[in-house]
Amino acid sequence: MPELPEVETVARGLQGSVAGRRIVSVILRKVDFIDDPSAMERELPGKRIARVERFGKFMLLRLTKDADGNAHAMGSIALNGNSEALLVHLGMTGNLAPHHAEQPLAKHTHVTFALDDGRELRYIDPRRFGRMAYLSGKTLAAELQRFGADPLLVTPEEFATRIRGSKARIKAQLLDQSVLRGVGNIYADESLWKAKIHPARAGPSLTLNDVVRLRKELQKILLKAIEMRGSSISDFVDAEGLAGDYQQHHKVYGRDGKKCFRCGAKIKWTVVAGRSSHFCPVCQRAPRGNASRRKKTKRRGPVGTSKR
DNA sequence: CTCGATCCCTGGACGC
DNA sequence: TGCGTCCAGGGATCGA
């Protein structure tokens, strides 16, 4: 569930709380979500967390092997091929945050990084849909290259090219991390509603106007969500243990059956491109031939236990 | 090329 | 109350 705004929020928190710290030791427990566990055990101890960035839905803990603790050494990350980083994807339920070492381990604590100030950076993830990987040099560069443009940085031209570059439906395009990195189900639905575009529209069927609008609304929504520290549905909390507030601003996500804030029609729920999708059937006109393909009549599970 | 289906995993919600 | 079942989510993968 953590998407771009949530990951950005966590990354900023960690940048403030653990950047500059050195990793003293690593303890791995469950490792089935780690690319190469032994590489983590081998490479991480002794490395300094130079800074924490967001990359799509990943957090990138940039690492350096400078020996001293001088803060000014932090500024210079190797810009050559020597870069190394710990990639962390929070999946659905991942949480990466510093803890006091004496604090008892929470259930599902799979990784512990002991830091040089006595604290522990702990990764907790009940469902283990997350991913963790130590990568460096060309391997790191190649991994990052798999992903598309950052939705906050992408130009209108590139956005248009990417989003219309496939016959896939717009919902699928928005969620495809090789097209755009960082957009997930919530912000896809929210931005499509705001831009009045039906999720089942084919990418190439979008007009230039559609695409320009969609980019602008997506960016506005993402920025607003970052400002509010993300959406806390289910149990998302950031690196300080704080919940986000953006879920209170959702216009369609999790609002099926409720009234559209724009026109009053009932928000519909359906499956588009294999994912649950929320939209207004009046504001967001269905494409021709979108004969309600597979209506899921049955009751859905909890769409989030947001405390509204 | 794009699609749906399936798996991964746990816990929370729901039905009985 | 307790147990079984369903389902969310992102991403990989496989076959149609």
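Small disclaimer: the values here were computed from a predicted structure and weren't measured. Residue numbering restarts at 1 for every chain, and letters A, B, ... go by the order of the sequence lines.
Salt bridge annotation for A/K65-A/E84: present, with a cationic side-chain nitrogen under 4.0 angstrom from a carboxylate oxygen. Using a 4.0 Å cut-off between a side-chain N of Lys or Arg and a carboxylate O of Asp or Glu, A/R51 and A/E53 qualify as a salt bridge.
Look at A/R169 and you'll find a side-chain N or O under 4.0 angstrom from OP1 or OP2 of B/dC3. In this structure, A/R128 reaches the B/dT10 phosphate: one of its side-chain N or O atoms is under 4.0 Å from OP1 or OP2.
Classified by interplanar angle (parallel below 30°, tilted 30° to 60°, perpendicular above 60°), the ring pair A/Y123/A/H110 is tilted.
Listed nucleotides: B/dC3, C/dA8, C/dG11. Nearest to the side chain of A/K57: C/dG11. Here the side chain of A/Y253 is nearest to one of B/dC3, C/dG10, C/dA8, namely C/dA8. The side chain of A/Q177 lies closest to C/dG11, out of B/dG11, C/dG11, C/dG9.
Side-chain atoms of A/R275 come within donor-acceptor range of the base of C/dG10, with a qualifying N/O pair under 3.5 Å.
The hydrophobic cluster around A/I124 extends to none of the other residues, as no ILVMFWY side-chain heavy atom falls under 4.5 Å of it.
With sequence neighbours left out, the salt bridge (Lys or Arg N to Asp or Glu O under 4.0 Å) criterion links A/E158 to A/R162.
At its two ends the helix from B/dT2-C/dA16 to B/dC16-C/dG2 runs along axes set 50° apart, each axis drawn from five pairs and the angle rounded to 10°.
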